[in-house]
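Data block below; observations after.
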Amino acid sequence: PGDTAKRDLYIQNADNVTVTLSMNESAWKPPEAQQWLTCTWDYANQPIAVNASTRVQVQLQVSWLIRNITQFSFNMTISEIKENATGYAY
């Protein structure tokens, strides 16, 4: 309880347009683990240019109040949001 784990991820834009990123968590096992675990990152929606890379830090924090969960898993998906020439995302 109360622990925090941090990991650095290095993400490169291999696309042919500038992108931003989004993160989503899903498929928590057991489902109630999501009540006690918080996954965040320090990415601030800064655009990533073509062929550029950026470091983001992902943090998983365990609540002090967690009970009866000794193992868990979840999926974390990081997706790109492309920007076209007019600046609109697609």
Side-chain angles (χ1 to χ4, degrees):
D3 286 347
T4 299
K6 297 178 182 181
R7 297 292 181 263
D8 289 336
L9 305 177
Y10 294 87
I11 300 172
Q12 182 176 11
N13 178 6
D15 212 324
N16 60 355
V17 295
T18 297
V19 299
T20 55
L21 304 173
S22 68
M23 181 180 73
N24 184 46
E25 305 110 41
S26 61
W28 286 86
K29 294 179 187 174
E32 58 272 16
Q34 190 174 10
Q35 294 176 214
W36 310 109
L37 301 161
T38 304
C39 184
T40 59
W41 65 347
D42 65 356
Y43 178 69
N45 290 330
Q46 64 270 29
I48 305 170
V50 176
N51 294 321
S53 60
T54 190
R55 182 205 59 83
V56 295
Q57 186 175 81
V58 176
Q59 177 175 301
L60 184 65
Q61 185 171 13
V62 181
S63 169
W64 282 100
L65 302 174
I66 193 168
R67 298 288 182 265
N68 301 322
I69 295 176
T70 58
Q71 295 183 7
F72 71 93
S73 67
F74 69 97
N75 296 330
M76 180 180 64
T77 304
I78 296 175
S79 303
E80 66 179 14
I81 301 169
K82 299 179 182 182
E83 295 182 15
N84 62 22
T86 60
Y88 292 101
Y90 64 97

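Side-chain atoms are counted along with the backbone in the values below, which use heavy atoms only and exclude waters and symmetry mates. Just so you know, these numbers come straight off a predicted model, no measurement behind them.
Taking CE from M23 and OG1 from T40, the interatomic distance works out to 6.5 Å, rounded to the nearest 0.5 Å. From I11, atom CD1 reaches atom CD1 of I78 across 4.0 Å, with rounding to the nearest 0.5 Å. Rounded to the nearest 0.5 angstrom, Q61 CD and C39 SG are separated by 11.0 Å.
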Distance-only donor-acceptor hits, side chain of residues 62-76, under 3.5 Å, sequence neighbours excluded:
{"residue": "S63", "atom": "OG", "partner": "L65", "partner atom": "N", "Å": "2.9"}

Would V56 and D42 count as a side chain to side chain contact (heavy atoms under 4.5 Å, CB included) here? Give the steps. CA-CA 6 Å; V56 295; D42 65 356; 3.9 Å; yes
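In terms of the side chain to side chain donor-acceptor pair (under 3.5 Å) criterion, residue partners of D8 (sequence neighbours excluded) are, by chain and number, R55, Q57. Under the side chain to side chain contact (heavy atoms under 4.5 Å, CB included) criterion, Q12 pairs with S53, not counting sequence neighbours. Evaluation of the side chain to side chain contact (heavy atoms under 4.5 Å, CB included) rule for T77 yields S79 as partners, not counting sequence neighbours.
The shortest distance between side-chain heavy atoms of I48 and T18 does not fall below 4.5 Å.
Applying the salt bridge (charged side-chain N to carboxylate O under 4.0 Å, His left out) test to every pair with at least one member in residues 10-28, sequence neighbours left out, gives these pairs: D15-K82. Under the ring pair (Phe, Tyr, Trp, His ring centres under 6.0 Å) criterion, the residue pairs touching residues 32-52 are W41-Y43, with sequence neighbours excluded.
In this structure a side-chain-to-backbone donor-acceptor pair under 3.5 Å is present from N13 to A49.
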